[in-house]
Chemist: 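Got a structure for you, written out below as structure tokens; questions coming shortly.
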Amino acid sequence: MNSETDTPLVSIRELSFSRGSRPIFENVSLDIARGKVTAIMGPSGCGKTTLLRFIGGQLYPDSGQVLVNGDNVPNMSRRELFIARAKMGMLFQSGALFSDLSVYENVAFPLRAHTQLSESLIHELVLMKLEAVGLRGAWNLMPAELSGGMQRRAALARAIALDPELIMYDEPFAGQDPMVKGVLVTLIRTLREALGLTTVIVSHDVPETLHIADYIYLIANRSIIASGTPDELRHSESPFVQQFLNGSPDGPVHFHYPAKSYSEELGVRV
Amino acid sequence: MRTRTLELSVGLFLVAGIAALFFLAIKVSGLSSEVNQPSYKVYAHFQNIAGLVPRSKVTMSGVTIGRVAAIELDKKRLNAKVTLEIYNDVNEISTDSVASILTAGLLGEKYIGIVPGADDTFVKNGDEIEQTQSSLVLEDLIGKFLFNKATEDKGSTPAPAPTSTPAKAEEF
Amino acid sequence: MIVDSIRRLGANTLAKLQSIGAAGIFLWQALVAVPQPRTSFPLLIKQLYAVGVLSFAIIIVSGLFIGLVLGLQGYNILITYGSEQALGTLVSLTLVRELGPVVTALLFAGRAGSALTAEIGLMKATEQLASMEMIGVDPLRRIIAPRFWAGFISMPLLALIFSAVGIIGGMLVGVDWLGIYSGSFWANMQNSVEFVDDVVNGMIKSVVFGVAVTWIALFQGYDCEPTAEGISIATTRTVVYGSLSVLALDFILTAVMFGDL
């Protein structure tokens with residue numbers, strides 16, 4: 001579609017954001033390369049999901065730019081944002097299927113919102129997307145009747161309904177059993193390979209993410225503390241990166257909550 | 001299908017609501033007999049309208065022939081000026097009729113009763129009914145009764161206990 | 001110490017004001033949407049069902065019982081003055097002017113209001129509102145606006161049904177059971193109930209209550225903390241704030257409408 005396949009699809013430049021008086025990001029810059037899987041990782045509460053909200057235009061940064069295909073998202077009009085969102089798909093952590101609509105209606109929802117396609121065309125598209133995630137037989141079920149893993153897959157079908165250029169996954173592996181994780185990993189990879197989908201994964205699930213990502217950003221303490229390919233990070237010399245990737249209980253992030261010395265508390269004189 | 005039952009029940013609900021409205025309008029507030037009755041305005045002055053309120057009935061021989069439209073103080077004559085709306089088809093009220101403020105029942109609401117006179121001319125829109133009788137004030141009545149009772153007990157010629165105040169023709 | 005409490009009071013007041021402001025913007029954005037008949041009409045019908053039809057049963061039952069009690073108590077009181085003929089007047093005016101709009105609104109806040117809050121709160125907690133936004137559809141128009149209109153439309157209808165059923169209940173007690181002459185029951189009622197002054201004013205009241213309760217219910221759901229505890233707090237707030245505002249508005253409206261009669 002685009003001739004400049006080298007320019008990143010999404011570019012975040014010098015972004016700063018505070019929630020109330022608490023700063024979340026300070027001058028963060030990162031690029032999401034076209035057609036590649038980029039992972040954003042970090043400890044819980046560092047604001048990873050918030051980054052996705054900036055890209056989707058649901059939150060506005062205090063300063064900095066969020067460029068999607070060269071256009072700055074915070075400056076977009078409602079019309080432009082509407083069009084931009086048609087090219088993005090997002091899989092939320094809880095699936096977020098609309099509980100009062102069937103699986104079929106859920107997947108058809110973006111199609112009905114953005115296009116004027118006839119019912120028969122919508123029918124074919126919906127079945128196609130459901131087939132891609134392996135849920136074609138479940139088209140008539142309500143979300144409450146699906147298992148957690150199936151809900152995620154249905155939500156994924158909805159996210160790709162409009163054949164977006166960019167797809168964002170918010171903690172896709174959190175709390176899933178190994179089989180479901182395996183299915184999701186396969187789907188993510190297949191979609192990337194078959195459709196050239198630019199993929200952003202926000203996760204703190206180390207093994208799966210390292211397995212599937214082409215490039216990783218590690219965010220902590222309000223900025224990016226490390227970035228690189230999975231191999232580069234595995235061999236990184238930063239103790240924090242090592243603690244995070246290996247899941248060590250103690251390191252730069254301390255195990256003990258700050259407290260008085262133990263002997264003092266117990267009243268033992270050393 | 002599911003949508004059809006849904007729409008059907010919503011339709012029934014709306015119909016039930018409108019039916020309730022009609023019930024309240026017609027059976028409960030007796031709307032149909034009053035609505036859009038064309039009427040003409042007639043004025044009357046009273047010394048005391050105590051208890052009469054706008055929308056009180058105006059009757060003749062007990063039959064409702066109109067409503068009280070407005071009550072205000074006549075600043076020049078220093079009494080109450082009442083605007084009556086009489087239905088158009090009751091157009092033979094003679095100019096010497098008497099308009100009295102009466103009470104429905106012992107503690108009931110006040111209304112205006114018109115007793116027809118004998119004149120050949122009739123009141124028209126904007127005319128005034130000259131002869132009026134004010135509202136009975138309970139305290140005056142009791143006071144008169146007690147006064148008469150007292151004089152009676154003193155042995156003087158018993159004055160006939162008035163059962164009603166004499167009709168005072170107030171002319172100006 | 002004192003400075004501290006004053007500062008906290010000031011902060012609390014500012015927070016409340018901010019909340020009211022947010023609620024106002026919320027109402028504006030939800031309602032000043034241009035309705036798209038093709039999609040919004042079916043949504044409205046669905047919400048009328050959820051909000052109106054499902055409240056129908058509780059309104060009818062409550063209306064009937066309140067009418068029966070009014071008939072009974074009213075008779076007991078009036079008979080001591082020999083004025084039991086006025087029972088029709090008593091029952092109908094009480095219902096049409098006050099109990100119909102107010103009790104309906106309180107029941108509505110408890111049943112439909114809390115259901116709305118819980119539903120919206122749950123949608124918020126499961127990120128359905130956010131994902132709808134990401135797809136490019138405004139949840140204020142798609143989810144909130146139909147529920148607003150359903151509330152505004154249902155409330156006066158429910159209040160009318162309540163009053164009508166209550167009056168029938170009063171009639172059942174007064175005429176069928178206690179033996180008041182049916183003719184005077186209805187005639188006295190018709191003489192004292194004015195359509196414009198009483199029935200229409202009662203309807204205006206219930207529209208105002210409908211606006212207040214629906215607005216509170218939807219805003220609490222929309223604004224709640226997206227956790228289970230947050231939803232529970234929001235639902236409680238809907239019932240409490242909704243009920244209190246109905247009672248306060250009732251006083252204000254009654255003073256304005258019936259104050260100088």
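Here is the naming used below: chain letters follow the sequence lines, and residue numbers restart at 1 for every chain. Below, all heavy atoms of this structure are taken into account, side chains as well, without hydrogens, waters or symmetry copies.
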Chemist: Considering only heavy atoms, which portion of C:Y49 lies under 4.5 Å from any heavy atom of chain B: side chain, backbone, both, or neither?
Modeler: both

Chemist: If you look at every heavy atom in C:M189 and C:S92, which pair is closest and at what distance?
Modeler: CG-OG, 3.1 Å

Chemist: Hey, which of C:A164, C:G202, C:S83, C:A159 has the most heavy atom pairs under 4.5 Å with chain B?
Modeler: C:A164

Chemist: With no hydrogens and no angle check, just 3.5 Å: does a side-chain donor-acceptor pair link C:S114 and C:T117?
Modeler: no

Chemist: Mind checking the CG-CH2 spacing from C:L48 to C:W149? Nearest 0.5 Å is all I need.
Modeler: 12.0 Å

Chemist: So which part of C:I161 gets closer than 4.5 Å to some heavy atom of chain B, the side chain, the backbone, both or neither?
Modeler: both

Chemist: Is C:S154 in contact with chain B via its backbone, its side chain, both, or neither, using a 4.5 Å heavy-atom distance?
Modeler: both

Chemist: Can any side-chain N or O of B:N125 pair as donor or acceptor with the backbone N or O of B:K41 at less than 3.5 Å?
Modeler: yes

